[in-house]
Number of protein chains: 2
Amino acid sequence: MESSRRGPYAKGVAKREEILTQALTVVAERGVQDTSVKAIADAVGLSPAGVLHYFSSKEELFTEVLRKRDEVDSQRVAGLDWGGLGEASGSGEPIDVASARKQFVELLESNSDVPGLLRLFTQLAAEAADPEHPAHGFFRERGELFRSLFAAVFAQHNRDHGRTRVDPEVAARMLQALADGLQLQALLEPDVDMAGIADAFFDAVLGD
Amino acid sequence: MESSRRGPYAKGVAKREEILTQALTVVAERGVQDTSVKAIADAVGLSPAGVLHYFSSKEELFTEVLRKRDEVDSQRVAGLDWGGLGEASGSGEPIDVASARKQFVELLESNSDVPGLLRLFTQLAAEAADPEHPAHGFFRERGELFRSLFAAVFAQHNRDHGRTRVDPEVAARMLQALADGLQLQALLEPDVDMAGIADAFFDAVLGD
DNA sequence: GTCTATACCTAGATAGAC
DNA sequence: GTCTATCTAGGTATAGAC
């Protein structure tokens, strides 16, 4: 009929969510390499084609898994509040530098608890170098958000202390690089004290 | 015969080298994703099976390519001399901190010129998280070498200036993370000023 | 709109001939 | 030392069942 507007896609949306959640689990357990579309399909009780009904390709699926992880992260870490941080940077309110620093270190630690996802993140980031890759935009935007957030934090610190040790934009880039690099190290040597290194970095950049 | 030791493997060794050299070129041009064993085989005038006669798997081949790149790097960068740096750190001779810093930045810049290899490096590093991966040992050893080298550099700086701003071991780890992270960023945004960021880092850690 | 079955294609790996 | 042939696994496109 023409009036085919009774959209029964509530179920579809739910299924899509379920696929993402399960994929998150499977990837965390087995790593990206060993996660086929079939493995995800099995976990969710579908055929591979059934899964690809919701995502145009495996790469896009993984990209969405990453988005999902970002959501989960922001709820899992106690006291983490990217949103609030973002707002504060836009408005005139002063930013709590110590709190931002603490949140960042906590986020680092929580990441290292799930090596499978760390691997997904790093590998996809490398693959997303290609502008055609579905995750390319995701990573660029994520990086920009991260840097603008922490550039604001560093700028606040400079105001508080009346000096500029390191340019806030540069410091934000350094922090981003440090975080990504530490995660790479943690993949190879799970014992790395990421929080300790990150703390030392803040000390060095902010001045003791 | 027992004395079957007349090894006609001079040719084999040469061919193996040729495969590595060609693979280096192919990967640099097309990126890891688009480099199949067949592509390398074509470049070197063999069949895929012919190539895999020399390497037990594609992963192992790529690992060797990375090793090869490390060799090439140390010759390509003007004035770079890891060997000398390593020796100096072992002996009692003082290390030229400024020179080490300069070499490091130059190496960073030269790396960013070849995104294909950058990607190979980063992706393989992520995959090598698995202890079973052929590149696992390579990356761990490489990281340890890097850190011991630069820990010595930072220690020397501390001696020269009679103070300890950051623990040398910690600083070395930070530098390694920064380098890896910057390369990741450079993959997504080719315009990143890696050398500038790295320089700012040295300024912050060494003290102006 | 949701999903299965099927078929197809690429690619890494292996066996055995030369 | 190298090739041909073959096996297997996995991603993707299509047709059509429900």
(request) Could I get the full list of side-chain hydrogen bond (donor to acceptor under 3.5 Å, both in side chains) partners for B:Glu60, not counting sequence neighbours? (result) B:Ser56
(message) Measure CD/A:Glu59 against P/D:dG11 and give the value in whole Å, please.
(response) 11 Å
(request) Tell me which residues in residues 117-130 of chain A put a heavy atom below 4.0 Å from DNA chain C, sorted by number, or none. (result) none
(message) Listing request: all salt bridge (charged side-chain N to carboxylate O under 4.0 Å, His left out) pairs with a residue in residues 44-58 of chain B, at least two apart in sequence or in separate chains.
(response) none
(message) Per the salt bridge (charged side-chain N to carboxylate O under 4.0 Å, His left out) rule, what does the pair list look like for residues 187-200 of chain B, sequence neighbours excluded?
(response) A:Arg147-B:Glu189, A:Arg173-B:Glu189, B:Arg101-B:Asp199
(message) Strictly by ring pair (Phe, Tyr, Trp, His ring centres under 6.0 Å), give each pair with a member in residues 177-196 of chain A just once, sequence neighbours left out.
(response) none
(message) Expected output is a numbered-order residue list: members of residues 34-44 of chain A with a heavy atom under 4.0 Å from any atom of DNA chain D. What is it?
(response) A:Ser36, A:Val37
(message) With ring pair (Phe, Tyr, Trp, His ring centres under 6.0 Å) as the rule and sequence neighbours excluded, what pairs involving residues 115-137 of chain A come up?
(response) A:Phe121-A:Phe139
(request) Rounded off to whole Å, could you give me the NZ-to-P distance for the A:Lys11 and D:dC18 pair? (result) 15 Å
(message) In this structure, how many angstroms lie between the P atom of D:dT8 and the CG atom of B:Leu52, rounded?
(response) 18 Å
(message) Show every salt bridge (charged side-chain N to carboxylate O under 4.0 Å, His left out) that has at least one partner inside residues 21-41 of chain A, sequence neighbours left out.
(response) A:Lys38-A:Asp42
(message) In whole Å, I'd like the distance from the NZ atom of B:Lys58 to the P atom of C:dA13.
(response) 8 Å
(message) Once ring pair (Phe, Tyr, Trp, His ring centres under 6.0 Å) is applied, what residue pairs with a partner in residues 175-204 of chain A remain, sequence neighbours excluded?
(response) A:Phe104-A:Phe202
(request) Just grab all the salt bridge (charged side-chain N to carboxylate O under 4.0 Å, His left out) pairs involving residues 121-146 of chain A, residues at least two apart or on different chains. (result) A:Asp70-A:Arg142
(request) Taking the side chain as every heavy atom from C-beta outward, state whether B:Leu46 and B:Ile19 have any pair of such atoms under 4.5 Å apart. (result) yes
(request) Grab the CD-C1' distance between A:Gln33 and D:dG11 for me, whole Å please. (result) 15 Å
Grab the N/O contacts between the protein and nucleotides 4-6 of chain C below 3.5 Å, and write none if there aren't any.
unit_1	atom_1	unit_2	atom_2	d
C:dT4	OP2	A:Ser47	N	3.0
C:dT4	OP2	A:Ser47	OG	3.2

(message) Going by side-chain hydrogen bond (donor to acceptor under 3.5 Å, both in side chains), name the residues that satisfy it together with A:Glu17, two or more places apart in sequence or in a different chain.
(response) A:Lys68
(request) Provide, to the nearest angstrom, the distance between the CZ atom belonging to A:Phe55 and the C1' atom belonging to D:dG11. (result) 16 Å
(message) Within this structure, what is the CG-CG distance for the pair B:Leu124 and B:Leu117, rounded to the nearest 0.5 Å?
(response) 11.5 Å
